[in-house]
2 protein chains.
Amino acid sequence: MRISEGVEWAVHLCGVLGVVRDGYSLTAGRLAEFHDLPSDYLAKHLQALSRAGILTANRGVSGGYRLAKPARSITLLDITLAIEGSEPAFRCTEIRRQGPCAATPAACKHICAIAQAFMLAETQWRKALASVTVADIIRTAASESFDRARRQAFQDWLNNAVK
Amino acid sequence: MRISEGVEWAVHLCGVLGVVRDGYSLTAGRLAEFHDLPSDYLAKHLQALSRAGILTANRGVSGGYRLAKPARSITLLDITLAIEGSEPAFRCTEIRRQGPCAATPAACKHICAIAQAFMLAETQWRKALASVTVADIIRTAASESFDRARRQAFQDWLNNAVK
DNA sequence: ATTAACACGGATGATATCTATCCGCAATGC
DNA sequence: GCATTGCGGATAGATATCATCCGTGTTAAT
């Protein structure tokens, strides 16, 4: 069981887009450059975020991506579901209906207790992710992972990269 | 992101083993038969459960598997970790250290806020799974998925399969 | 002692998913 | 027009999951 790397990329880059001045945007190429990621592949993920309504994309020579809504309104769950899809991690295959003591359709009126438990666990997981927004990430990262020099380098890079 | 089918199989079959009379056991072949699963592949998972101390295995002509501890002491988390391994689903690749504004080692003193959030979500997921035991599953399944006929068929099958 | 039944681990292959790249198309601003 | 960019499809390689087979060691019954 593993979450794809694309989720990590997407959250990081939503954080970057969250500090871009209103009305400006960054291209897929620039976003890839920022964390040295494979540009074409990252583009796929950005397109998924766009389809999910998390980013707004603009085509053409002055195009690029920006957040489709305020950073405080985008949760880690939103991003995760956009990249990974919304199917649950646990997929009940109803094996209770197989074998010599197979449950009859009538006996399967209730959802399997095992599936139930895993679904509940996944709900907890989703709740936790839904409680953290891109704005939260930006705030924490700004105070914990950006010293003076990096903050300056970031601003310089942004000013040059933004369109 | 998906949990392997083996987890579902393992929980179901731990439930079966949980109602076997003390001192008796079931072979991998019998367990596979019960839910019509690929016997050889299931065997791999049973071996993993054995290595994890969830099942006790006995070799030889009258061998087989039984629960290594009471059903109330085996959680869904125990089983999941035994099958899936204990690595977290979210693997931080520290991309903040890459690119033109890479964070210095000093700035990475704190864990990345993103990794932190995903780890916390995963902790919630684990908590939920740790709060459900095989005994709970047996109890719920018995009352919800076993009508009179199936209960009887199950007892008959067990009496014949057990050793 | 021989035999049959069983768990165990390694090796191997098939299938699916993830990662990555490339291409043509459509849209946009100069 | 023309360069730049997002978009989706096609493709291929890498990795993980699913599945099978085989030799070995162990056990109990004959």
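Lettering follows sequence order; numbering is per chain, from 1. Everything numeric in this text was worked out from a predicted model, so none of it was measured.
Comparing the end axes of the helix from C:dA1-D:dT30 to C:dC30-D:dG1, each fitted to five base pairs by superposing C1' atoms of four pairs onto the next four, gives an inter-axis angle of 10° (nearest 10 degrees).
Ring geometry for B:Phe146 versus B:Phe154: interplanar angle of 30 to 60°, hence tilted.
A:Arg151 CZ: more than 12 foreign heavy atoms inside a 6.0 Å radius. Shown here is B:Lys69, whose NZ atom has more than 12 heavy atoms of other residues, nucleotides or ligands within 6.0 Å.
When the options B:Ile54, B:Leu67, B:Thr56, B:Leu46 are evaluated for a side-chain contact (heavy atoms from CB on, under 4.5 Å) with B:Leu17, the one that passes is B:Leu67.
Contact annotation for A:Ala28: backbone-only contact, meaning every heavy-atom pair under 4.0 Å involves sugar-phosphate atoms and none involves a base. Across all strands, B:Gly29 comes closer than 4.0 Å to no nucleic acid atom at all (heavy-atom distances). When heavy atoms are screened at a 4.0 angstrom cut-off, A:Arg51 is found touching the sugar-phosphate backbone but no base atom.
In summary, contact between chain A and DNA chain C, defined as any nucleotide atom under 4.0 Å from a heavy atom of the protein, begins and ends at C:dT19 to C:dG29 in the 5' to 3' direction.
Nearest approach of B:Tyr65 to B:Ala57, heavy atoms of both residues: CE2-CB, 3.6 Å. Contact record, B:Glu33 with B:Trp157: OE2-NE1, 3.0 Å, taken as the closest heavy-atom pair.
For D:dA29, the OP1/OP2 oxygens have no side-chain nitrogen or oxygen of B:Ser62 closer than 4.0 Å.
As a whole-Å value, the separation of B:Glu5 CD from D:dA16 C1' is 14 Å.
Set against D:dC7, D:dA16, D:dT20, the side chain of A:Gln47 has D:dC7 as its closest nucleotide.
Electrostatic pairing of B:Arg150 and B:Asp147 does not count as a salt bridge here, judged by no charged N lying under 4.0 Å from a carboxylate O.
With hydrogens and angles left out, the side chain of A:Lys44 and the base of D:dG9 share a donor-acceptor pair within 3.5 Å.
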